[in-house]
Structure formats: structure tokens, C-alpha cells
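See below for the structure under consideration.
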Amino acid sequence: MIKKVVRTGLVVALPMALAACSTFDFGQDRIQYETSDSRAPLEIPPDLTSVPGSDRFAVPSRPQTVWASQQAQLDAAQAGNTNQNALVLLPQGEVAKIVREGNNRWIHVNLSPEMVWPIMQDFWTTVGLSLARQDAATGVMETNWAENRAKLPQDIIRATLGRVIDMVYSTGERDQYRARVERSANGGSDIFVTHRAMVEVVKSLGGDNETTVWQPGPSDPEMEAEMLTRLAQRINQEFNPEAVKKSPAEHEAEVEKLASYQPENSVSQLEQDAEGVATSIYIKEDFERAWRRVALAVDRMGFTVEDRDRSRGFFLVRYLDQEYEEQKRSEQGFWSNVFGRDTPVEAPQYVIYLQRLSDTECRVHVLGPDGKADTTGVAPRILTLLSEQTK
């Protein structure tokens with residue numbers, strides 16, 4: 001962790017900070033992101049069955065909190081519907097439940113994707129995050145990179161100055177979350193949340209010169225579990241406000257249990273040719289489990305997913321490999337690199353194809369966008385990265 005402390009002006013600020021520190025709440029929390037408004041205009045995923053031409057599920061403007069169950073009752077009352085059964089939007093009990101399979105976990109909701117999509121949009125502001133991208137066509141939304149202020153050290157300086165001059169502190173870490181919703185076989189929805197991290201590290205430039213660069217860090221299962229738990233609670237609260245709320249201790253125990261890793265035998269194996277070049281990944285699981293495993297790996301690796309089709313077993317992604325980018329820049333020539341260095345190299349498309357071998361076996365291939373062999377030379381590196389994430 002890197003702590004950046006600006007010393008100029010602290011002597012002046014110290015008396016003011018000491019006078020004000022008693023007015024602030026220094027309670028700790030697992031997550032403290034900066035709050036921002038991430039709500040974009042509502043989009044209904046087009047590849048998911050469209051909602052019939054009715055305003056029953058229209059999301060109202062929210063100058064104040066409006067529960068979905070209350071809105072349904074209001075709509076029914078305005079329509080003059082006196083049938084009490086029509087006012088019950090959902091049966092009592094949990095609407096969203098967290099499912100775990102080995103070290104994979106997700107939320108199963110007995111609602112259609114069209115109903116949970118706006119709740120997922122609203123959820124991120126409640127944890128202080130904003131959306132950088134949302135694609136209704138693929139059911140994917142991605143947050144901006146943000147710093148988790150809860151990771152800052154809680155020392156005496158932080159206690160007296162940190163809350164007043166908070167800009168002088170930095171964790172040197174940034175988090176990003178990706179949420180994906182899919183229609184389940186029983187007509188409900190499955191929601192997957194994955195975490196990515198970037199870490200600031202010091203890089204020597206020779207002599208006493210140093211700079212800092214950002215590089216990928218490991219995903220945090222505990223942060224994924226925290227977001228999954230909060231999102232499940234948010235969905236239950238929205239559609240069933242009468243559900244019993246868990247105490248902070250019960251919430252903490254649930255997150256710890258969900259995040260704890262359960263060792264299991266590796267079900268995937270990287271396959272290589274005689275020269276040691278990766279050619280495919282063998283997964284000893286049925287298609288449904290293998291699909292979930294590969295989909296979570298794709299999310300954690302941060303690919304830009306442009307299309308996916310579970311029935312045909314493929315993901316259409318964009319990925320810019322560092323070596324491929326350097327190669328393309330070297331092919332541009334000297335003057336192009338001098339005057340066009342800031343021109344980005346376009347990320348190529350790849351097809352990640354999950355082949356069903358039998359009822360208990362699958363194989364993963366990485367192909368070009370036309371479904372033929374990859375011509376960029378990056379496929380073996382993608383397979384290697386996927387193999388690490390699918391073990």
C-alpha cells in the first residue's frame with residue numbers, strides 16, 4: 001500500500017482538525033467508496049424477452065424512495081382493481097438467494113431480467129459507485145474504477161486529519177466491479193458479480209528517479225461476496241420489504257462464509273501442442289457448470305464482451321494484448337509513432353468457444369472473429385489466462 005501525505009499546510013490545518021475531529025464519526029466499514037449518481041436512462045435488454053406494452057413495470061422518478069411493491073399497489077388502485085390477490089406482487093420469502101458451487105457464487109432471483117435490471121442500475125449508487133458502462137444487449141454493467149477508503153490506515157494522524165483533509169491520503173489501490181444478468185432455465189434470473197483490482201507500484205527510472213505505474217492486482221473474493229450479499233438484500237428489500245432484515249453480525253457471518261475458499265480438485269487443464277503452445281482448455285464438467293466457470297473467468301479478466309450466446313456456447317470479446325499493441329505500433333513506422341503516439345491501437349475481436357464433448361466434458365477454444373483460427377498470435381496467451389481463472 002502506498003500512502004501519499006502532503007506536508008505543506010498541515011501545521012496550519014492541525015488546530016482546525018483537532019477542533020473538528022470530535023464532530024465526525026470514525027466508525028469503520030468494509031466499503032467506503034465516493035458517492036456519485038450513476039443512473040442512466042432505463043434500457044431494457046433487447047435480447048431478453050421484451051416487457052409487454054404496459055407501464056406496470058415503469059421505473060418512477062425517485063426524488064424519494066419508492067418500493068416496487070408500493071408502486072404496484074398504486075398502479076392497481078388507480079386502475080380500480082379491487083382484487084386483493086392482484087396486489088401481491090410476489091409471495092412471501094426471499095426473492096433473491098445466493099447460490100454457491102465450489103468457489104463460484106451468484107444470485108438466483110425468481111424474477112425476470114427485465115425486472116431486476118433497473119434495481120441493479122440503482123444499486124451501485126447505494127455503495128458509492130458510478131457506472132462506466134452498461135450494455136443492455138449483453139446484460140452487463142461495469143463500474144468506474146474507485147478507491148475503497150475503508151482500506152486507509154486508522155492511525156492517530158488519520159483520526160485527527162484524515163477526515164478533514166482526506167485528499168492527502170491514498171491507498172494506492174483501485175477497484176472495479178462487473179455485474180452480469182442471465183435468464184435462468186426456470187424463467188428467473190442469475191446475477192454474477194466479479195471484482196477487479198489495480199495496484200499502484202513504484203518503478204525505477206534509473207538512479208534516484210522513480211515513478212509510479214498501475215498494474216493489475218488479484219481479485220478479492222471477500223469484496224465479491226460483500227457486493228453479492230448487499231445486492232441480494234437490495235433486491236429482497238425492493239420486492240419484499242416485509243422480509244426480515246439480517247443483523248450486522250449475521251451479515252458479517254454470511255459474507256465470511258460466502259467468501260471463504262473451498263479447496264477443490266482442479267477441473268480444468270490447459271492443453272498444449274508439442275512445442276508447448278496452448279491450444280485449448282479441457283474442462284471436466286457438464287456444459288452448464290463449464291459455461292458459468294468460463295463466464296466468470298471472462299468477467300474477471302475484464303474483456304469487453306460484445307456478444308454472448310449460451311445456446312451456441314460462444315463469447316465475442318475484444319482484448320488488446322500488450323505485445324500485440326507494441327507490434328502494431330512498430331509496424332506504423334517512425335513518423336507515425338512520433339506524431340501519432342496517442343492514437344490507440346484497436347483491440348481485435350476473438351471468439352471464446354465452449355465445445356460440448358459429452359455430458360460431463362467440455363473444451364474451450366479461442367478463435368478469430370470469423371470462427372476460424374486466430375491470426376493475431378494472441379489466442380495462446382488468452383487461453384493461458386483463462387486456464388488460471390477456471391481452475
Side-chain angles (χ1 to χ4, degrees), residues 45 47-49 96-110 112-113 116-117 120 135-142 177-196 219 221 224 228 262 264-271 278-319 349-367 369 371 374 379 382-391:
D47 66 331
L48 308 175
T49 304
K97 295 183 179 181
I98 298 178
V99 181
R100 178 160 188 169
E101 187 177 81
N103 60 332
N104 294 327
R105 46 200 177 266
W106 64 94
I107 302 173
H108 177 71
V109 189
N110 60 350
S112 66
V116 299
W117 182 260
M120 292 169 61
D135 187 353
T138 57
V140 173
M141 53 184 65
E142 196 170 79
Y177 298 89
R178 175 179 290 185
R180 173 171 48 86
V181 58
E182 290 186 355
R183 189 180 299 279
S184 61
N186 61 3
S189 304
D190 289 329
I191 303 174
F192 303 84
V193 176
T194 52
H195 167 263
R196 296 176 62 207
S219 60
E224 290 183 358
L228 277 172
Q262 295 179 355
E264 59 178 13
N265 296 328
S266 177
V267 298
S268 70
Q269 179 180 351
L270 182 65
E271 298 179 321
T279 57
S280 59
I281 302 173
Y282 171 77
I283 301 180
K284 192 174 182 180
E285 282 185 325
D286 62 76
F287 182 84
E288 291 300 321
R289 292 186 177 184
W291 172 267
R292 283 196 295 266
R293 187 177 295 273
V294 173
L296 284 169
V298 169
D299 289 340
R300 289 193 179 102
M301 291 172 63
F303 288 130
T304 300
V305 181
E306 297 190 333
D307 194 11
R308 69 177 77 221
D309 190 332
R310 181 167 54 181
S311 63
R312 297 165 61 187
F314 77 84
F315 302 83
L316 180 62
V317 304
R318 284 192 181 272
Y319 174 68
Q349 286 183 323
Y350 300 93
V351 172
I352 300 176
Y353 173 57
L354 182 62
Q355 178 188 13
R356 191 195 309 261
L357 300 178
S358 67
D359 291 341
T360 58
E361 297 173 305
C362 295
R363 179 170 281 123
V364 180
H365 305 271
V366 175
L367 309 171
D374 168 50
I382 296 177
L383 284 167
T384 302
L385 293 172
L386 281 173
S387 176
E388 295 173 356
Q389 292 290 336
T390 55
K391 288 182 179 179

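Computed from heavy atoms alone, side chains included, the values below leave out hydrogens, waters and symmetry copies.
- In this structure the side chain of D307 reaches within 4.5 angstrom of the side chain of F314, judged on heavy atoms.
- For the pair M301 and V317, the minimum side-chain heavy-atom distance is 4.5 Å or more.
- Side chain of D299 to backbone of T194: no donor-acceptor contact under 3.5 angstrom is found.
- S280 and E271 share a side-chain donor-acceptor pair at under 3.5 Å.
- Interatomic distance, I283 CD1 to R363 CZ, rounded to the nearest 0.5 Å: 10.5 Å.
- Interatomic distance, CD of E285 versus CG of L354, reported as 10.0 Å (0.5 Å rounding).
- Among the candidates L296, V140, N104, V181, the single residue satisfying the side chain to side chain contact (heavy atoms under 4.5 Å, CB included) test with F192 is L296.
- Considering all non-hydrogen atoms of both residues, L270 and S387 come closest at CB-OG, 3.5 Å.
- Other residues, nucleotides and ligands contribute only 12 or fewer heavy atoms inside 6.0 Å of the CZ atom of R289.
- H365 approaches T279 most closely through the heavy-atom pair ND1-O, 4.4 Å.
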Under the side chain to side chain contact (heavy atoms under 4.5 Å, CB included) rule, what do D374 and L367 come out as? Steps first, then yes or no, please.
-> CA-CA 5 Å; D374 168 50; L367 309 171; over 6 Å; no
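- Between W106 and E182, every side-chain heavy-atom pair lies at or beyond the 4.5 Å cut-off.
- Smallest separation of non-hydrogen atoms from Y353 and R312: CE1-O, 3.5 Å.
- C362 approaches R356 most closely through the heavy-atom pair SG-CA, 4.3 Å.
- R308 places no side-chain N or O within donor-acceptor distance of the main-chain N or O of G139, the cut-off being under 3.5 Å.
- Summarising the geometry, atom CG belonging to L228 is positioned 5.0 Å from atom CD1 belonging to I107; distances are rounded to the nearest 0.5 Å.
- Closest non-hydrogen pair, A96 versus V109, comes out as CB-CG2, 4.0 Å.
- Using a distance-only test at 3.5 Å, with no hydrogens or angles considered, a donor-acceptor pair links the side chain of R105 to the main chain of P221.
- Residues R183 and S112 meet the side-chain proximity criterion, which asks for heavy atoms closer than 4.5 Å.
- Heavy-atom contacts from other residues, nucleotides or ligands closer than 6.0 Å to CG of D309 number more than 12.
- Taking all atoms of both residues into account, the shortest heavy-atom contact from F287 to G313 is CZ-CA, 3.9 Å.
- Using the six-membered ring where Trp is involved, Y319 and F303 have ring planes that are perpendicular, over 60° apart on the 30 and 60° scheme.
- With rounding to the nearest 0.5 angstrom, the NZ atom of K284 is 9.5 Å from the OG atom of S358.
- The backbone N or O of Y282 lies less than 3.5 Å from no partner atom in the side chain of Q269, so there is not a single donor-acceptor pair.
- Residues Q349 and L316 have side chains in contact (heavy-atom distance under 4.5 Å, counting atoms from C-beta outward).
- No side-chain heavy atom of T360 sits under 4.5 Å from any side-chain heavy atom of D286.
- Atom CZ of F315 is separated from atom CD of E306 by 14.0 Å, given to the nearest 0.5 angstrom.
- In this structure, V305 and R178 have side chains that are in contact, with non-hydrogen atoms separated by less than 4.5 Å.
- Checking side-chain atoms of S268 against main-chain N and O of T390 turns up a donor-acceptor pair under 3.5 Å.
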